[in-house]
Amino acid sequence: EDEVTDLLGSAHAALGDAWTARGQFDEADSAYREALALRRLLKSENAGDVQQSRTLAAVKQKLGDLDLMRGRPKSAHGFYVSALTDLNALAKSDMEVQRDIMVTLNKISYAEIARGDLEKAQVGFEDASSIANKLATARQTKRAQRDVAIARYNLGSVQTEFFLATPPAFGKSARSL
């Protein structure tokens, strides 16, 4: 029974991905919410199963991504924070969970930018960058190196936005120079 529920959850998530790719966001939302319900059921029946928790967090991220595309950063932020809460409850020593946390922190930061809060975005990107650096030190892989590059890019981008938004001492913003 769990196997069937797992397959159905995966199918609904894949359907949500397909609807999203076609720009049919209402249909995608319905499919992702069905996947979410199935993933919650599996998690409740398999308490302590790291993979079930990671998969549930991934569906929450998909709903967050969808809401961000739809111009709903507050709702997206809520899904991302919920996913982060799920991931933080898992074993901190698991490198894949740590990577999931890093990705989720980046998504939360993107939502913060969309909400206009560059300070919170910077904090999230700094935390994500710290995790990326630790993972790259522990695992010398191309994926880990790419994650560090993305983390540095994100952090540099938000710091640039801060610079452009902050007026210099003589009263004009850097953007107007």
Side-chain angles (χ1 to χ4, degrees), residues 13 16-17 20-21 23 25 28-29 32 35-36 39 50-51 53-177:
D17 293 345
T20 299
F25 297 145
D29 187 76
Y32 287 142
L36 182 66
R39 292 296 171 198
V50 172
Q51 189 57 43
S53 295
R54 289 181 66 210
T55 306
L56 175 61
V59 172
K60 290 177 181 181
Q61 288 180 8
K62 288 176 182 285
L63 281 161
D65 294 346
L66 182 63
D67 277 349
L68 206 54
M69 284 186 265
R70 295 168 101 177
R72 300 175 183 168
K74 186 175 181 178
S75 177
H77 184 268
F79 281 117
Y80 295 147
V81 169
S82 181
L84 183 62
T85 300
D86 291 346
L87 293 168
N88 277 329
L90 301 176
K92 294 280 187 174
S93 60
D94 184 317
M95 287 194 191
E96 286 305 309
V97 171
Q98 285 299 304
R99 186 173 187 283
D100 291 347
I101 290 170
M102 178 201 63
V103 168
T104 304
L105 286 167
N106 279 325
K107 290 175 181 269
I108 289 170
S109 296
Y110 299 141
E112 292 294 3
I113 290 170
R115 291 171 50 169
D117 195 334
L118 295 177
E119 287 182 37
K120 285 185 181 177
Q122 181 172 349
V123 170
F125 285 143
E126 287 170 351
D127 291 345
S129 182
S130 175
I131 293 170
N133 288 328
K134 288 176 190 173
L135 291 174
T137 300
R139 305 189 291 196
Q140 298 294 321
T141 64
K142 288 182 181 181
R143 178 178 166 190
Q145 292 170 356
R146 187 192 78 225
D147 288 344
V148 169
I150 291 169
R152 288 180 181 166
Y153 173 82
N154 289 340
L155 192 53
S157 294
V158 78
Q159 289 170 340
T160 300
E161 286 299 315
F162 263 128
F163 173 76
L164 294 175
T166 305
F170 50 87
K172 292 185 178 180
S173 75
R175 211 178 278 277
S176 66
L177 296 177

Peer 1: Residues in salt bridge (charged side-chain N to carboxylate O under 4.0 Å, His left out) with Arg139, at least two apart?
Peer 2: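 If we apply the salt bridge (charged side-chain N to carboxylate O under 4.0 Å, His left out) test to Arg139, skipping adjacent residues, the hits are Glu96.
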
Peer 1: With sequence neighbours left out, write down each residue that passes side chain to side chain contact (heavy atoms under 4.5 Å, CB included) with Ala144, or none if nothing qualifies.
Peer 2: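 Result, side chain to side chain contact (heavy atoms under 4.5 Å, CB included) vs Ala144: Ala136, Thr141.
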
Peer 1: Does Gln140 have any side chain to side chain contact (heavy atoms under 4.5 Å, CB included) partners at least two apart in sequence or in another chain, and if so, which?
Peer 2: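 Per chain and number, Gln140 pairs via side chain to side chain contact (heavy atoms under 4.5 Å, CB included) with Gln145.
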
Peer 1: Could you give the side-chain donor-acceptor pairs of residues 125-135 under 3.5 Å, partners two or more places apart or in another chain?
Peer 2:
{"from": "Glu126", "atom 1": "OE2", "to": "Gln122", "atom 2": "NE2", "distance (Å)": "3.0"}
{"from": "Asn133", "atom 1": "ND2", "to": "Ser129", "atom 2": "O", "distance (Å)": "3.2"}

Peer 1: Under the side chain to side chain contact (heavy atoms under 4.5 Å, CB included) rule, what do Leu87 and Met102 come out as? Steps first, then yes or no, please.
Peer 2: CA-CA 10 Å; Leu87 293 168; Met102 178 201 63; over 6 Å; no

Peer 1: Can you list the residues that meet the side-chain hydrogen bond (donor to acceptor under 3.5 Å, both in side chains) rule with Arg70, with sequence neighbours excluded?
Peer 2: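 side-chain hydrogen bond (donor to acceptor under 3.5 Å, both in side chains) list for Arg70, sorted by chain: Asp26.
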
Peer 1: State, with a plain yes or no, whether a side-chain heavy atom of Asn106 is found less than 4.5 Å away from one of Val103.
Peer 2: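 Side-chain contact under 4.5 Å: no.
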
Peer 1: Suppose we screen for side-chain hydrogen bond (donor to acceptor under 3.5 Å, both in side chains). Which residues come up paired with Asp17, at least two apart in sequence or across chains?
Peer 2: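 Result, side-chain hydrogen bond (donor to acceptor under 3.5 Å, both in side chains) vs Asp17: Tyr32, Lys62.
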
Peer 1: Test of understanding: with side-chain hydrogen bond (donor to acceptor under 3.5 Å, both in side chains), list the residues that count as partners of Ser53, not counting sequence neighbours.
Peer 2: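 Not a single residue meets the side-chain hydrogen bond (donor to acceptor under 3.5 Å, both in side chains) criterion with Ser53.
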
Peer 1: Any side-chain heavy atom of Glu119 within less than 4.5 Å of one from Val123?
Peer 2: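 No. Closest side-chain heavy atoms not under 4.5 Å.
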
Peer 1: So how far is it from Leu155 CG to Thr160 OG1, rounded to the nearest 0.5 Å?
Peer 2: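 Here the interatomic distance stands at 9.5 Å.
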
Peer 1: Asp94 versus Leu90: any side-chain heavy-atom pair under 4.5 Å?
Peer 2: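 Not touching, per the 4.5 Å side-chain cut-off.
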
Peer 1: Starting at CD1 of Ile113, measure out to NZ of Lys120 and round the result to the nearest 0.5 Å.
Peer 2: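 Spacing of CD1 (Ile113) from NZ (Lys120) equals 13.5 Å.
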
Peer 1: Measure the spacing between CE of Met95 and CD of Gln98 and express it to the nearest 0.5 Å.
Peer 2: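 If I round to the nearest 0.5 Å, the distance is 9.0 Å.
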
Peer 1: CG/Asp29 to CG/Leu63 distance, rounded to the nearest 0.5 angstrom?
Peer 2: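 Taking CG in Asp29 and CG in Leu63, the distance rounds to 6.0 Å.
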
Peer 1: Minimum heavy-atom separation for Gly124 to Leu105, with atom names?
Peer 2: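 That would be O-CB, 3.9 Å.
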
Peer 1: ring-ring contact (aromatic ring centres under 6.0 Å, His included): which pairs involve residues 53-76, sequence neighbours left out?
Peer 2: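 ring-ring contact (aromatic ring centres under 6.0 Å, His included) check on residues 53-76 returns no pairs.
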
Peer 1: Please report the closest heavy-atom contact between Ser109 and Ala121, naming both atoms and the distance.
Peer 2: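 That closest heavy-atom pairing would be OG-O, 3.1 Å.
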
Peer 1: Quick one: ring-ring contact (aromatic ring centres under 6.0 Å, His included) pairs with a partner in residues 129-152, sequence neighbours left out?
Peer 2: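 ring-ring contact (aromatic ring centres under 6.0 Å, His included) check on residues 129-152 returns no pairs.
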
Peer 1: In chain order, what residues pass the side-chain hydrogen bond (donor to acceptor under 3.5 Å, both in side chains) check against Asp147, with sequence neighbours excluded?
Peer 2: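 With neighbours one apart ignored, the set is Arg99.
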
Peer 1: Would you give the length of the straight line joining atom CG of Leu68 to atom OH of Tyr110, rounded to the nearest 0.5 angstrom?
Peer 2: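 Here the rounded value is 10.0 Å.
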
Peer 1: For residues Val50 and Val97, report the shortest heavy-atom separation together with the two atoms involved.
Peer 2: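 Shortest heavy-atom separation between Val50 and Val97 comes out as CG1-CG2, 3.9 Å.
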
Peer 1: Without placing hydrogens or testing angles, list every side-chain donor-acceptor pair under 3.5 Å for residues 73-86, not counting sequence neighbours.
Peer 2:
{"from": "Ser75", "atom 1": "OG", "to": "Asp67", "atom 2": "OD2", "distance (Å)": "2.4"}
{"from": "His77", "atom 1": "ND1", "to": "Arg115", "atom 2": "NH1", "distance (Å)": "3.0"}
{"from": "His77", "atom 1": "NE2", "to": "Glu112", "atom 2": "OE2", "distance (Å)": "2.8"}
{"from": "Tyr80", "atom 1": "OH", "to": "Gly64", "atom 2": "O", "distance (Å)": "3.3"}
{"from": "Tyr80", "atom 1": "OH", "to": "Asp65", "atom 2": "N", "distance (Å)": "3.0"}
{"from": "Tyr80", "atom 1": "OH", "to": "Asp65", "atom 2": "OD1", "distance (Å)": "2.5"}
{"from": "Ser82", "atom 1": "OG", "to": "Lys60", "atom 2": "NZ", "distance (Å)": "2.8"}
{"from": "Thr85", "atom 1": "OG1", "to": "Val81", "atom 2": "O", "distance (Å)": "2.9"}
{"from": "Asp86", "atom 1": "OD2", "to": "Lys60", "atom 2": "NZ", "distance (Å)": "2.7"}

